[in-house]
Structure formats: C-alpha cells, structure tokens
Amino acid sequence: ATEFWAAYDKLDAYYGMSTDWTAPGSSKKRKVYFLSQSWGIPKEWQAIMGEGNSYAQAKAAEICCVSKDIAARDLGSTTKWEQVAFWLDKCCIPQGDPTLMAWCVNLLEEF
C-alpha cells in the first residue's frame, strides 16, 4: 500500500491493476464509487505529523476506513470492505499515453 499511495507519479503499471467492471462475467450490479483525492503530499505534512509518519500509509488507512464505512452501510458488515469498488484515476486512466489520458480526463464528467 505504501508504494501505491505514495506521491503522484504517472506509471502505466497502475493502469494494469484496474478491472473493467463492464466486462463479461463481472457484476454489473455492483456500485463503483468515484474516489477523488490529491496525489500530492501536503507541504506541511512532516512539520505537523512529525518525521517518520508516512503520508502514503495514512492515505491507505483512510481509504480502508471509508471502504469499511461503505461496506457497513451498503453491504451490512464491515467485514465485506474488500467488495467495495472504487474508480481511481491512477488506475483507471492510462497515465503513460498523453493523448489517451487527455481523452479519458475529458470523459470524467460522464462518470
């Protein structure tokens, strides 16, 4: 989790982690939640949180908690948090192709 949630970078490897929820065999009844967040580390992070406190780990923990809240509300139990799906630009938009990335970003409004 630490590497994935680290400061923003444009690596195609993350796009390879995504799953097409519209593909045959996937559950189309499943909700997909749009996750909007900042990839940059706040400038004051170390000063406020102290040395050795990882922004990436804090981000991962925060999103895990959100997943558990959604699972409890929508699926009836926090234990089902891994069934909660997020749409995340780092994975769902091909970052290595500037033309395709721009096209995808322009489609965000249709999400």
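Computed from heavy atoms alone, side chains included, the values below leave out hydrogens, waters and symmetry copies.
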Discussion item. Run Phe86 and Ile63 through side chain to side chain contact (heavy atoms under 4.5 Å, CB included) and show every step you take.
Written reply: CA-CA 10 Å; Phe86 290 104; Ile63 294 168; 4.1 Å; yes
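- The line from NZ of Lys80 to OG of Ser67 is 15.0 Å long, rounded to the nearest 0.5 Å.
- Closest of all the heavy-atom pairs between Lys31 and Asp74 is NZ-OD2, 3.8 Å.
- Between Trp45 and Tyr55, the angle of the ring planes goes over 60°, which puts this pair in the perpendicular group of the 30/60° scheme.
- Here the SG atom belonging to Cys65 is positioned 11.5 Å from the CD1 atom belonging to Ile70, to the nearest 0.5 angstrom.
- Rounding to the nearest 0.5 Å gives a distance of 14.0 Å between OG1 of Thr78 and CZ of Arg73.
- Of all non-hydrogen atoms in Glu51 and Gln46, the two that sit nearest each other are CA-OE1, 3.2 Å.
- Separation of atoms CD (Glu82) and CG (Leu75) is listed at 12.0 Å; rounding is to 0.5 Å.
- Trp81 and Tyr33 fall into different hydrophobic clusters, where Ile, Leu, Val, Met, Phe, Trp and Tyr are joined by side-chain heavy atoms under 4.5 Å apart, directly or via other members.
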